Amino acid sequence: MRPSTRRSRLAARPLEKSIVAGAAVIALTLTGAACSSSASGGDGGSTPTITVGVSGATGNTAPIFVGVDAGVFKKYGLNVEVKVLTPTASSAAVSSGTVDIGGDGPNMVAAVLASKNGAKVIFTNGITAFYLATTPSITDIEGLKGKTLATTTPGGGADTAARTAMTAHHLVPDKDVKVIYVSQNTAALASLQAGKVQAAVVSPPTTIQAENQFHLKTIDIGDYVLPSVYAVSGGFAAKHPDLVTKFIEGYMAATQLAKTDKAASEAAFKKYLGLKDQAQLDGTWEEYKDRWAASPFPSEDLKDLLGGLKPPSTVDPASLMDNSYIQKIDQSKWVVPSGFPTS
C-alpha cells in the first residue's frame, strides 16, 4: 500500500528544532476541573465529565491538552479528564468502555472492528510526524537491512508507518529487519542510545531530542503515515450522544486555538510535554501547527487504515463510522490541514 499524494504533500513539512525532557509517560491523568460528577452518574446539577484516552503526551495529541488547559471544553459544557496511555491501551480502553472516547491510529480501527460494545470512529485527528532516528552508518531506509529497529506497539501508527516504509523499499519486516516493541517514543530512543538497536521510530518532540541532544541522523517517513482517529465507546454513545457532539465541538475549537495561538500551545507543551527552552517550544509548534486537524473522516483513509491491518480487513468503512455527530455540527468550522480533503 502506497500512501496517497495528499499525505505525501502533508508529510513534506520541514523539520523544526525542539527537545523533550523527562522519561516516558506510562499513565497520567489530567482533569479539566477539580471536582465534578461523571456523565453516567452525576447529581444532575453539575457539569458532566467524560474520560478521553490518548496515545502518549506528544505534539500530535497536544490540542486536547490545550483544550483542557485553556478551558475550551468548559465553554462547551464539559469537564474532560484525559488519560495518557500507550497506543495499545488507548485503543483497548475504548473497545472495553474503560474510557468514553479515545484517540489512536491503526490500533484504534482494529479495536473498533473487534469491539463488542459498538464503538465507532467519530472524526480524524490529523497525521503524526514520524521519523527514523538511526546510527550514523544508516543513511537511508534500505540501510535498515540486517539491523534492529525499536518502535512503540504492534499495529500502532509508528509500527505501521515503519513497516510500510520498509516494504516500499523492498525490505521484509521481521525478516530483513528485526522489530522490537518498547511502548513509548522515549524508550525507543533510549534503546538506540544504549546500543540495543540501530534505529528507532520517533515523533516530535522526541525526534528533535535525537537530533539536537544526541546528534543522531533522522529519516523522514511521513509519506507512509496513516491518519489517527478518535472513536467513542458504544455504551457511552448510547447514553450520552449529546456529550459526544459537545466533545467534538470542543476539540475542534481547541485544535483551532492550538494552531493559531502559539502561546496557548506552548503553555501546554511546557506543562504536559516537559519542554522548557524557548527555541524548543517554538520548533514543536512549527512542526505541528499545520498537521493538527479535527475533521470528518475521509472514506479513502478508512480504507487505507483497514488495508494496513494484519491481516488486512475488507469491512465496509461506513460500518465503522458514526456520522450522526458531525451531521449536527457546522462543518465549515472543521479544522483541516492544508491538502487534506474532508470527502
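Every value quoted in this text rests on a predicted model; they were computed, and no experiment measured them.
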Carboxylate-amine/guanidinium contact D176 K147, below 4.0 Å
no
NZ/K262: more than 12 non-hydrogen atoms of other groups inside 6.0 Å = yes
Between S96 and N117, the two heavy atoms sitting closest are C-ND2, 3.9 Å
| Just checking, any donor-acceptor pair under 3.5 angstrom between side chains of N60 and T58? | no
| task | Decide whether I64 and V66 are clustered together by the hydrophobic rule: side chain heavy atoms of Ile, Leu, Val, Met, Phe, Trp, Tyr closer than 4.5 Å, transitively. | result | no
Determine the interplanar angle of the F247 and F73 rings, folded into 0 to 90°, and report it as parallel if under 30°, tilted if 30 to 60°, perpendicular if over 60°.
parallel
Note: E286-K289 ion pair, threshold 4.0 Å (strictly below): yes
Shared hydrophobic cluster for I180 and V202 (ILVMFWY, side-chain gaps under 4.5 Å) = yes
Quiz item: When clusters are formed by joining ILVMFWY residues with side-chain heavy atoms under 4.5 Å apart, either directly or through shared neighbours, do L257 and I329 land in the same one?
Solution: no
Between R163 and D159, is the closest basic N to carboxylate O distance under 4.0 Å? yes
Are Y251 and F123 an aromatic pair by the rule of ring centers under 6.0 Å?
-> yes
Tell me whether T218 contacts the main-chain N or O of L132 through its side chain, where contact means a donor paired with an acceptor under 3.5 Å.
no
With the threshold set at 4.0 Å, does a side-chain nitrogen-carboxylate oxygen contact exist between K270 and E266?
no
